[in-house]
There are 2 protein chains.
Amino acid sequence: MGSKQASALYDEADLRRADSLAREIFSDVANKWALLIIETLGDRTLRFSELRDQVEGISHKMLTQNLRMLERNGLAERTVHPTVPPRVEYTLTGPGRALRATVDLICDWTHEHLSHIESARHRFDT
Amino acid sequence: MGSKQASALYDEADLRRADSLAREIFSDVANKWALLIIETLGDRTLRFSELRDQVEGISHKMLTQNLRMLERNGLAERTVHPTVPPRVEYTLTGPGRALRATVDLICDWTHEHLSHIESARHRFDT
DNA sequence: CTGTATCCCATTGGATACTG
DNA sequence: CAGTATCCAATGGGATACAG
């Protein structure tokens, strides 16, 4: 029973670690800018400045910050071309593209329910 | 051409309005707490206090704030039982449940890629 | 129990300037 | 062009108190 209990405790600790990691990833990813960048990248390869232009309303700072985060989590890949001026390109990795598929679904959902939401808002705001 | 142009302009204005609404909804929904609440509700009906207990780490304030937002957008329904003490229950609406399905996918994605992300992080942090 | 309001600190995020 | 750093305003979000 001693070893069994130890093993059970170990498994629980392991699960807790995985859960807290999952939580962390969820927090990283479940934010407006990260999702918009992922959606904008799609299956293309874009330069920093192209992303800044295409992700409506994002600031220089938020873009770099979120790109670093995506890179750190292995969702986007950063390629530096050692030219002058420098040319840096970003593209989604396999896991990044997998996530993108789910973001696509959220976008679809949004457009499908536009009118439901609009009228719900109208009702609520009165 | 005049009427055609006018019609085209009208359509564009319409699209811009829809886009900005979609943007707004996306911003509302693409945040950690909203998604965690949706995921926790699932297809159940939960009281305010049950939600506060089950959504790990959420504060009183964030919970009410996000519940109001979900209600306003017609994603969650609020039922007040006029007892004393009051009993208020929340449940997802049809559109809310549809969104929940996509959140489920994000959760699946997270767990599927835990190890990829963990090792990507390790590589990056060195 | 649920909800609103307030205070207050921590974090977010924009604007700008500077480096390679 | 891409990235970092800094400053500062705005928002987020926790703790607490109070009302219904």
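Below, read A as the first sequence line, B as the second, and so on, with proteins coming before strands; counting in each chain starts at 1.
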- Qualifying ring pair (Phe, Tyr, Trp, His ring centres under 6.0 Å) pairs, either residue in residues 67-110 of chain A, two or more places apart: W109(A)-H113(A)

- Can you tell me which residue pairs pass the ring pair (Phe, Tyr, Trp, His ring centres under 6.0 Å) test with a partner in residues 36-70 of chain A, sequence neighbours excluded? F48(A)-H60(A)

- Message: So does L75(B) get a backbone contact from the side chain of T93(B), meaning a donor-acceptor N/O pair under 3.5 Å?
- Response: yes

- Query: Checking H116(A) side chain against P95(B) main chain: does a donor-acceptor pair fall under 3.5 Å?
  - Reply: no

- Who pairs with R87(A) by salt bridge (Lys or Arg N to Asp or Glu O under 4.0 Å), at least two apart in sequence or on another chain? E89(A)

- Using the test salt bridge (Lys or Arg N to Asp or Glu O under 4.0 Å), find all partners of D19(A) that sit at least two apart in sequence or belong to another chain. none

- What pairs of residues pass the salt bridge (Lys or Arg N to Asp or Glu O under 4.0 Å) test when at least one of them lies in residues 41-63 of chain B, not counting sequence neighbours? none

- Query: Which pairs count as salt bridge (Lys or Arg N to Asp or Glu O under 4.0 Å) when at least one residue sits in residues 115-126 of chain B, sequence neighbours excluded?
  - Reply: R17(A)-E118(B), E24(A)-R121(B), D28(A)-R121(B), R72(A)-D125(B)

- Please check the phosphate of dC1(D) (OP1 and OP2 only) for any side-chain N or O of Y90(A) closer than 4.0 Å. no

- Query: Separation of R87(A) atom CZ from dG20(C) atom C1', in whole Å?
  - Reply: 18 Å

- Task: Using whole Å, report how far CG of L63(B) lies from P of dA5(C).
- Result: 17 Å

- Item | DNA chain C contacts among residues 64-79 of chain B, heavy-atom distance under 4.0 Å | T64(B), R68(B), R78(B)

- Item | Atom pair CZ (R23(B)) and CD1 (I25(B)), whose distance is rounded to the nearest 0.5 Å | 12.5 Å

- Item | Under 4.0 Å protein heavy-atom contacts per nucleotide of nucleotides 14-20 of chain D, with B for base, S for backbone only and - for none | BB----B

- Positions of residues 35-51 of chain A (non-hydrogen atom under 4.0 Å from DNA chain D), listed by number: R47(A), F48(A), S49(A)

- Query: Transitive ILVMFWY cluster of F124(B) at side-chain heavy atoms under 4.5 Å: who else is in it?
  - Reply: none

- Message: Using a 4.5 Å cut-off between side-chain heavy atoms of Ile, Leu, Val, Met, Phe, Trp and Tyr, which other residues end up in the same hydrophobic cluster as V84(B)?
- Response: none

- Item | Axial bend angle, the helix from dC1(C)-dG20(D) to dG20(C)-dC1(D): five-pair end segments, nearest 10° | 40°

